[in-house]
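What follows is a short report on a single structure.
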Amino acid sequence: MNASVATQRRAVAKTSRTSTPAPVGGIDLGGTKIQAAVVDAEGKVHGDARRPTPTTGGPEDVIAAMAEAMLEAAQKAGTDTSKLGGIGVGAPGSIDEGTGSLANASNLPGWSEPFPLAQRLSEALDTGVRLGNDVQVATDAEARLGAGQPYPSLIGVFWGTGVGGGIVLDDKPWLGRGAAGEIGHMVVKRGGARCPCGRRGCMEAYAGRRAMEAKARRDREAGKKTDLFKIAEEHGRDRLTSGIWARALEHDDPMAKKLIDRAIKALGAGIASAVNLLDVDAVIIGGGLGVRFGAPYAKRIEKRMGKHLFDVDTPPAVHVAALGDFGGAIGASLLWRPAPSR
Ligand SMILES: [Zn+2]
């Protein structure tokens, strides 16, 4: 890390502390849960609430749940949504920033056609609403307030149900033409395993939780031994959550170990390839599995990356995301906070 950059950044943070702009809201709109938070100018959370993402109905139902979560978060923060400086939403799918509409959100019920999310939520909560890509805003949060603070350029890798990615180059989010950062679909094996995206050999086909669970089910049906599903049942889960994978690893479950090893090899190859292209200062690993497994697994990914890095003398720093579960909501709130310059 560059010391003068860090000093400068601290100076910027100090200056902004003297003013007290209104708190803003951030909502992380995920396929499983909606996380809302009221965040101050320094990125501190003053109130939060979550709701399960509706699995049936359509956009109106999802927006109603988002509004409920935000109202509760504001109440906990001792304020009202109309008094917030605005609300940012990190959403999956195709976002039209101009119209504030969201389309092709395949993890949300009945949400393929464009729907005016920003406008409807703004009416419900009586304040402005801005939309951003869920993974990119989480990456921005890590870059500005989390583990990525010392680094001008980084990639965020969100290892969870799928494998999402975000890119920050010279302190600016890199969005490409709107679809940059799809690191989960880096090809790590030509003609390899089928990815949930329908293509073959993507990193996500080996490392995404959804793909790993499908592989575990197939292997179990083929007679291979595992306690993964027994542990899930004991914990009242019908899916293999990050916690279930972690428990199975603690019990030295052979299938869990094998599939996680396979995931780490894929992550090492895919992330290193992205680094070879962009030569970023750092890689921040987040997501349900990334945060749950923490530093020891980030270390394993880093080690595996080493086999594929072209420039072996100056590898990027590898860190676990520091903002945890709130990263998405805090990142969404940053849509209302212009980035300070270094
Ligand atoms: Zn894919």
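Given the structure is predicted, the values throughout are model-derived calculations rather than measurements. First listed ligand is number 1; within each ligand, the first listed atom is number 1.
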- Task: Check the side chains of Arg209 and Thr161 for a donor-acceptor pair under 3.5 angstrom, ignoring hydrogens and angles.
- Result: yes
- Message: Quick check for you: to the nearest 0.5 Å, what is the distance between Ile87 atom CD1 and Asp126 atom CG?
- Response: 9.5 Å
- Measure from NZ or CZ of Arg217 to the centre of the six-membered ring of Phe229 and say whether it is under 6.0 Å with the direction within 45° of the ring axis. no
- Message: Could you go through Phe293 and Trp159, starting from their C-alpha distance and side-chain angles, then the distance that decides it, and tell me whether this counts as ring pair (Phe, Tyr, Trp, His ring centres under 6.0 Å)?
- Response: CA-CA 10 Å; Phe293 290 165; Trp159 182 22; 5.6 Å; yes
- Message: Within the supplied structure, the quantity of interest is the number of heavy atoms (other residues, nucleotides, ligands) at a distance under 6.0 Å from Glu113 CD; does it exceed 12?
- Response: no
- Query: Can you find a heavy atom in the side chain of Lys215 that is under 4.5 Å from one in the side chain of Tyr206?
  - Reply: no
- Message: What protein N/O/S atoms are there under 2.8 Å from the Zn ion (ligand 1), waters excluded?
- Response: His185 ND1, Cys195 SG, Cys197 SG, Cys202 SG
